[in-house]
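The next block holds one structure in the form of structure tokens; read it before the comments.
Each chain gets a letter, A, B and so on, in the order its sequence line appears, and its residues count up from 1. Hydrogens, waters and symmetry mates are skipped; everything else that's a heavy atom, side chains included, is used.
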2 protein chains.
Amino acid sequence: MEYEANRRVEASARTFAILERLCEVDSAGVSALAADLEMSKGIVHNHLSTLRELGYVRKLGDDYQLTPRLLGQGLRARSNARLHRYAADLCSEVAAHLTTGVVLCQHAADDCTVVDAAGLPSGADLGVGTTLPLTESLVGLVTLIAGSADEPPADAGTAYDSAGIRANLDADGYATGPLSPDHGGCVAAPILDADGDCHGSVGVVLPAGEQARQRVTEATASLRDRIEARFDSGWADERSFATEKHSWVG
Amino acid sequence: MEYEANRRVEASARTFAILERLCEVDSAGVSALAADLEMSKGIVHNHLSTLRELGYVRKLGDDYQLTPRLLGQGLRARSNARLHRYAADLCSEVAAHLTTGVVLCQHAADDCTVVDAAGLPSGADLGVGTTLPLTESLVGLVTLIAGSADEPPADAGTAYDSAGIRANLDADGYATGPLSPDHGGCVAAPILDADGDCHGSVGVVLPAGEQARQRVTEATASLRDRIEARFDSGWADERSFATEKHSWVG
DNA sequence: GACAGTCGTTCTATAAAATAGAACACTACT
DNA sequence: AGTAGTGTTCTATTTTATAGAACGACTGTC
């Protein structure tokens, strides 16, 4: 218990608290941040100066504001992750072919994040960067179940039938149900590599109509297979390398 | 001098160094990071644990990897910035109308970052998230010049004619030249608000041909005017609010 | 024109916490 | 078995982050 408290770097946690707060409010002054986060003005100023020195924050008049640096790093992190590299183009392809929505979600500790989206209407609240709860969304739940041998604890109180989903995953490798409490039906399939590690999931929106259901489930299973095949083969992505290096001159 | 050194939060700087390193290499272990950053293994482990607790990093086997959390925050930060909210749709519009590339760049301390791009070929190295140097790119230089009354220091050694660009900005509100050493010609216009603060710039790619030049410069000036008009009026963006709140059900 | 209420910034003594470095547990390969 | 690698734990020491008050500048109001 003594060590657990000691190994956490408090100063960094404070810096991130400030950064996250700035992310919510766009622009704020030292006093407002200090009041919101219950920190002294002097300390907030020190952390903001540090963030500014590192290029994550800039000053506009007397207010501080995030720079787009996080965006660049976030996109770079996504490009580094195999899930996005292997699956993004296939998801677009399926979305276009089925004329429905497809989301690619990456599993994280406490939630899952949409890293690619295709075929969604422009007003959708499922765009890239959206985070969904692990236990309260189908795309999250399938990653949780596929990633661990034991099913989610009963106290999680999920609205889904965990045992049923597990059975569906064991049988078919996908599950069907509402994408989240706020969204309609979808078919969700976890993406596993050869070691059995779960990298995330794909969710394909289910249009109304019973014959669409079969087309979508088949397409989802095929999509999953093609993505996992790339994981297994350590896909060399020659194509993306070829285009990535191409310097563009207008 | 004593205070300057004291107000920087070293622990946070170390955490960000680890985070940035992870961003470059996708996935790495404690020892590798410690060696690269010349830190002790124990310390790297503490910082990684903190980042993991905060949800920015996850563990895959013995390696650590960034989560997509930065992506979500980066996109949210972009949505909060007025530059993106006011200018993104107009840039797309102009790109479609002229059938050329348009980039929207946000000014930061040491560089400028592409926060929106439209009409660029798929292999372009100018996508969202790209950072360009302030003095070695036209889109950066116009923000630098427009943002400060005095011209950039001579020792910056820019390949551009700063005085000439300043004259062009004073006269027309835009400048013409190579977008960067790696790219072709463009017309770049800084975006200023009513207080004279520079928020960034737009860069419109210049296709070959002399009559295209005039069309593009006129379109750029018009684009700048329309964006700045939204800054001046504190554009209420009813439209984006209306669509943003619309929960989408498949 | 002085006043009160802001703001961001600076400063310093004190207490808290980050750190280095060695030891530990575990795995893989020889 | 042995060696070399990993991530992790631990502790004593010193660095350093912190609270809180004072400062200077600015913006209104009376």
Side-chain angles (χ1 to χ4, degrees), chain A residues 1-22 25-54 56-67 109 193-197, chain B residues 1-22 25-54 56-67 109 193-197:
Chain A
M1 172 180 170
E2 316 111 54
Y3 181 64
E4 277 297 324
N6 196 19
R7 78 181 185 188
R8 174 175 167 149
V9 184
E10 309 274 346
S12 302
R14 266 179 273 256
T15 299
F16 277 102
I18 292 173
L19 189 134
E20 288 168 13
R21 182 69 190 152
L22 267 183
V25 297
D26 176 30
S27 177
V30 174
S31 298
L33 287 171
D36 290 346
L37 302 170
E38 297 181 351
M39 298 160 93
S40 70
K41 274 198 302 179
I43 255 318
V44 172
H45 181 259
N46 282 5
H47 284 269
L48 284 172
S49 297
T50 307
L51 281 171
R52 193 151 69 112
E53 204 170 296
L54 296 173
Y56 292 93
V57 156
R58 69 167 175 165
K59 217 171 103 170
L60 251 136
D62 271 352
D63 279 2
Y64 288 86
Q65 183 181 57
L66 287 180
T67 67
D193 63 19
D195 299 331
D197 287 330
Chain B
M1 172 182 169
E2 315 108 56
Y3 181 66
E4 276 295 326
N6 197 20
R7 79 181 184 187
R8 173 175 168 148
V9 184
E10 309 274 345
S12 302
R14 265 179 273 255
T15 299
F16 276 102
I18 292 173
L19 189 135
E20 287 168 13
R21 182 68 191 155
L22 267 182
V25 298
D26 176 30
S27 177
V30 174
S31 297
L33 287 170
D36 290 346
L37 302 170
E38 296 179 352
M39 298 160 91
S40 71
K41 276 199 299 182
I43 258 311
V44 172
H45 182 259
N46 283 5
H47 284 268
L48 284 172
S49 297
T50 306
L51 281 171
R52 192 150 69 112
E53 205 170 294
L54 296 173
Y56 292 93
V57 156
R58 69 166 174 167
K59 217 173 103 171
L60 252 136
D62 271 351
D63 279 2
Y64 288 86
Q65 183 180 57
L66 287 181
T67 67
D193 63 18
D195 299 331
D197 287 331

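Taking every heavy atom of both residues into account, B:Tyr64 and B:Val30 meet most closely at CE1-CG2, 3.6 Å. For the residue pair A:Ile18 and A:Leu48, the shortest heavy atom distance occurs at CG2-CD2, 3.8 Å. Pairing each heavy atom of B:Ala11 with each of A:Val9, the nearest pair is CB-CG1, 3.8 Å.
Put simply, B:His45 has a side-chain N or O that comes within less than 4.0 Å of OP1 or OP2 on D:dT8. Listed pair A:His47 / D:dT18 meets the phosphate criterion, a side-chain N or O lying under 4.0 Å from OP1 or OP2. Taking 4.0 angstrom as the limit, B:Ser31 places a side-chain polar atom (N or O) nearer than this to OP1 or OP2 of D:dG7. Taking only side-chain nitrogens and oxygens, B:Arg7 never comes nearer than 4.0 Å to OP1 or OP2 of C:dT9. Contact annotation: B:Tyr64 side-chain N/O to D:dT6 OP1/OP2 distance is not under 4.0 Å.
Scanning for side-chain hydrogen bond (donor to acceptor under 3.5 Å, both in side chains) contacts around A:Arg21 gives A:Glu24, A:Asp36, with sequence neighbours left out. Taking A:Asp62 as the reference, nothing meets the side chain to side chain contact (heavy atoms under 4.5 Å, CB included) condition, with sequence neighbours excluded. For A:Phe16, the ring-ring contact (aromatic ring centres under 6.0 Å, His included) partners at least two apart in sequence or on another chain are B:Phe16, B:Tyr56. Partners of B:Thr15 under the side-chain hydrogen bond (donor to acceptor under 3.5 Å, both in side chains) rule, at least two apart in sequence or in another chain, are A:Ser12, B:His47. Applying the side-chain hydrogen bond (donor to acceptor under 3.5 Å, both in side chains) rule to B:Arg58 yields the partners B:Gln65; only residues at least two apart in sequence or on another chain are considered.
No side-chain heavy atom of B:Arg8 sits less than 4.5 Å from a side-chain heavy atom of A:Ser49. Within the 4.5 Å cutoff, the side chain of B:Leu37 has no heavy atoms near those of the B:Val44 side chain.
Looking at the side chain of B:Lys59, the nearest of the listed nucleotides D:dG7, C:dG8, C:dT9 is D:dG7. For A:Val30, whose side chain is taken as the heavy atoms from C-beta onward, the closest listed nucleotide among D:dT6, C:dT9, C:dT19 is C:dT9. In this structure, of C:dT10, C:dA18, C:dC7, it is C:dA18 that holds the atom nearest to the side chain of A:Ala11. Listed nucleotides D:dA17, D:dT18, C:dA18 differ in distance to A:Val9; the shortest reach to its side chain belongs to C:dA18.
The nearest whole Å value for the distance from the CG atom in A:Leu60 to the P atom in C:dG8 is 13 Å. Rounded to a whole Å, the CD atom of A:Glu10 is 14 Å from the C1' atom of C:dA15. For B:Leu48 and D:dT8, the CG to P distance is 8 Å, given to the nearest whole Å. Remark: C1' of D:dA17 and CZ of A:Phe16 are 17 Å apart, rounded to the nearest angstrom. Going from atom CG of B:Asp62 over to atom P of D:dT8 covers 7 Å, rounded to whole Å. Atom-to-atom, CG of A:Leu51 to P of D:dA17 comes out at 13 Å; the value is rounded to the nearest Å.
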Pairs: protein N or O with nucleotides 19-21 of chain D N or O, under 3.5 Å:
{"unit_1": "D:dA19", "atom_1": "OP2", "unit_2": "A:Ser40", "atom_2": "OG", "d": "3.2"}

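Checking A:Arg52 against A:Ser12, the closest nucleotide of DNA chain C that is more toward the 5' end is the one next to A:Arg52.
The strand DNA chain D forms stems, runs of 3 or more Watson-Crick or G-U wobble pairs with distances below 3.5 Å, at C:4-6 with D:25-27, C:8-30 with D:1-23.
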